[in-house]
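Hydrogens, waters and symmetry mates play no part in the numbers below; they use all other heavy atoms, side chains included. Just so it is clear: chains get the letters A, B, ... in the order the sequence lines come, proteins before strands, and each one is counted from 1.
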Number of protein chains: 2
Amino acid sequence: MDADLGGAQPTAAPATLRLNAVIVSVVDTTPRVLTVRHPDGRPALPYGLLRDDDRTLDRALRRWVGEQSGLELGYVEQLYTFGDIRRDSGETARTLSIAYLALVQPTAARVDAAWIDWYDLLPWEDWRSGRPAAHDALLPALSDWVDDAAGPACHQRRRDRVDIAFGIDPQRERASASEPAGGDLWDGVRVLDRYELLWEAGLVAEALRDRGDDAADTHPAGSWRGTPLALDHRRIAATALGRLRGKLTYRPVVFELLPPTFTLRRLQQVVEALAGVSLHTQNFRRLVDRGGFVEGTGEFEEQTGGRPAERFRFRPEVLRERPRPGLGLPRRS
Amino acid sequence: MDADLGGAQPTAAPATLRLNAVIVSVVDTTPRVLTVRHPDGRPALPYGLLRDDDRTLDRALRRWVGEQSGLELGYVEQLYTFGDIRRDSGETARTLSIAYLALVQPTAARVDAAWIDWYDLLPWEDWRSGRPAAHDALLPALSDWVDDAAGPACHQRRRDRVDIAFGIDPQRERASASEPAGGDLWDGVRVLDRYELLWEAGLVAEALRDRGDDAADTHPAGSWRGTPLALDHRRIAATALGRLRGKLTYRPVVFELLPPTFTLRRLQQVVEALAGVSLHTQNFRRLVDRGGFVEGTGEFEEQTGGRPAERFRFRPEVLRERPRPGLGLPRRS
DNA sequence: CGACTTATGCTCACGCGTAGCATTACCTTA
DNA sequence: TAAGGTAATGCTACGCGTGAGCATAAGTCG
């Protein structure tokens, strides 16, 4: 490699820089994302700017989130930096978004804030009650998109992408009726793949909008398309969900979303909410306490209906006992 | 949440923007990273700038890497955006680095380029020949750092961090002599944790340099400290190694580093080089072909010493057959 | 030809994930 | 007060993936 490598002159476009936050909390069985109102009226992810006196990007994020909403962020993780030119079709300068994922406990959240159900944004991601209804509309539409391909090579690539992203088994395709689609091949982590596929296929409102079609949000609705966000924020939300799902399986991040003590049922609910699948209760319990993730306090929760549940607390020692401590997903049904 | 959220005025510091690439290839059993010469004389990761006409960040990267080195990148993945203020202690403006990981096949690489062994940068990461020798010096030094903590809380936190990052079992600590440290708790993915720990403990040259100590590279050498890079580039290289190790276990990325056909031995070597551990050959073979990752061509490799090995090729269908196809790491010894 | 190296096949045990069945303990309602 | 419902929790059987070794095949080297 030549010695002058990397010696380029700084002629680069001075891009606008922005920090975005996907702030997540789980209330009941609903995973929720904090939104603000964008100038164009649509909901958007909260964002802020980097200041000279912010020593690190993380600190900048915590600072402005605190200033804007009063939220004290706990767990924070950088997600991705988005810089596609299509982000702001209107403006001339490129906008660069550094996106972060943050987890907060519901109690810390202001009640009046504009939280939105994550699965309102991405309805095709929630398998907790079986195959998401959104698939009924999306899969045929994707099939049409596959068939619209120009040339057999493109066709094949599209089919592969759809099959992989949505976990479609080409073998079992026809034997359908008997089995209502198992989702064995569904990979919960591929949230971004799926969103981008739908974008390319023109099945989400942002696709039309980004292509210059105004009045895109007057798109034939149907809840199966999900609620669009401003700019490319839904793409960011998809990235966040995928990342979080992945992380669940090898780091005990769920506990960031829970109060200091909680019942196992509650823990399971939160995991299910994020993973988007129902879990086998008994196996989940075994996993969690034989795995050393939690320990019982002596206390019991008294609620309506059913035997009182013991309250547990997170056992931080698990981090020292196991190299990659995460909650596997013992799926039910 | 208030309606004026996110409406901040763009008073942000106009940061300098830069794209960095960790370009990886494996030759023989050595994982190597492409470097260039930084103005200060130290080796550095290649970097380039974003241009107005680059539609996406990925494309910008491919463009300037091609311009600079003639390399055609195959697999490319965004790693992380670094923006700590300490990056450029000298300059006033903050530099933002968007770092990418790229995998190339050795044949595509120009021979005269300045490739550097990844484990020269991070000598404590290579367990292929048992416990890395670098640990002999590092672990005691880290222990000293732990003991230097101000106050018991800080002490405990430091101890936990060291133990977790380096997979130290506090129980088995004393029973030492008999067992030469198994590394059962070692998590190959925590490369960045380890590097940052060493940085904080002042055990890598960059630490002194970043703290304003000039002549930092005249630091008492010892190969166990690893070769420093310019700026924070070693941190970026550590991020890349961690990410790649993680990805190996759930996506078939290794094949990006291999020619179209290869022997299983070669495949194993490459995985071992990246994972930094030795694998159990028979179990690895079983994993790989029962897992459907490869299929035999009829051809055989004729080489010196030993029975000829069949040449295999990657089986892309595995992507459709299994939700998270990755090579587990059946560790040896 | 014998020693050595590498490739490849096969077995056996164990732990974990999958799937149910069973029991306990409290609430609600008849 | 008894019956029925719901939730929590315990326990077992089974299959598969993984860990660990033994054994054999098929070349090269001296």
*Asks:* Quick one: which protein N/O atoms are closer than 3.5 Å to N/O atoms of nucleotides 6-13 of chain C? Pair and distance per line, please.
*Replies:*
| unit_1 | atom_1 | unit_2 | atom_2 | d |
| --- | --- | --- | --- | --- |
| C:dT6 | O2 | B:R307 | N | 3.4 |
| C:dA7 | N3 | B:R307 | NH1 | 3.4 |
| C:dT8 | OP1 | B:E310 | N | 3.0 |
| C:dT8 | OP2 | B:R285 | NH1 | 2.9 |
| C:dT8 | OP2 | B:R285 | NH2 | 3.1 |
| C:dT8 | O5' | B:R285 | NH2 | 3.0 |
| C:dG9 | O6 | B:Q282 | NE2 | 3.4 |

*Asks:* Just how far, in rounded Å, is P of D:dT9 from CD of A:Q268?
*Replies:* 12 Å
*Asks:* Rounded to whole angstroms, how far apart are CD on A:E301 and P on D:dA7?
*Replies:*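 Result: 14 Å.
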*Asks:* Can you check the A:F284 CZ to D:dT9 P distance for me, whole Å?
*Replies:*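 Those two atoms, CZ and P, are 13 Å apart.
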*Asks:* I'd like to check the salt bridge (Lys or Arg N to Asp or Glu O under 4.0 Å) partners of B:R265; sequence neighbours left out, ordered by chain and number.
*Replies:*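 B:R265: no salt bridge (Lys or Arg N to Asp or Glu O under 4.0 Å) contacts found.
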*Asks:* Kindly write out the residues that satisfy salt bridge (Lys or Arg N to Asp or Glu O under 4.0 Å) with B:D28, not counting sequence neighbours, or none if the list is empty.
*Replies:*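 B:D28 satisfies salt bridge (Lys or Arg N to Asp or Glu O under 4.0 Å) with no other residue.
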*Asks:* Tell me the interatomic distance from B:R322, atom CZ, to D:dC16, atom P, rounded to whole angstroms.
*Replies:*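 After rounding, the gap between these two atoms is 14 Å.
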*Asks:* Excluding sequence neighbours, so at least two apart, what forms salt bridge (Lys or Arg N to Asp or Glu O under 4.0 Å) with B:R307?
*Replies:* none
*Asks:* May I have all residue pairs that pass ring-ring contact (aromatic ring centres under 6.0 Å, His included) and include part of residues 245-279 of chain B, sequence neighbours excluded?
*Replies:*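 Residue pairs passing ring-ring contact (aromatic ring centres under 6.0 Å, His included), neighbours aside: B:F255-B:F262, B:F255-B:F314.
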*Asks:* Sequence neighbours excluded, which residues qualify as salt bridge (Lys or Arg N to Asp or Glu O under 4.0 Å) partners of B:R311?
*Replies:*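 B:R311 satisfies salt bridge (Lys or Arg N to Asp or Glu O under 4.0 Å) with B:E299, B:E301 once adjacent residues are dropped.
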*Asks:* Hey, can you tell me if A:W127 and A:H135 have their rings parallel, tilted or perpendicular (30° and 60° cut-offs)?
*Replies:*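 Because their plane-to-plane angle is over 60°, the rings of A:W127 and A:H135 count as perpendicular.
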*Asks:* In whole angstrom, give the distance that lies between atom CZ of A:R311 and atom C1' of D:dA8.
*Replies:* 15 Å
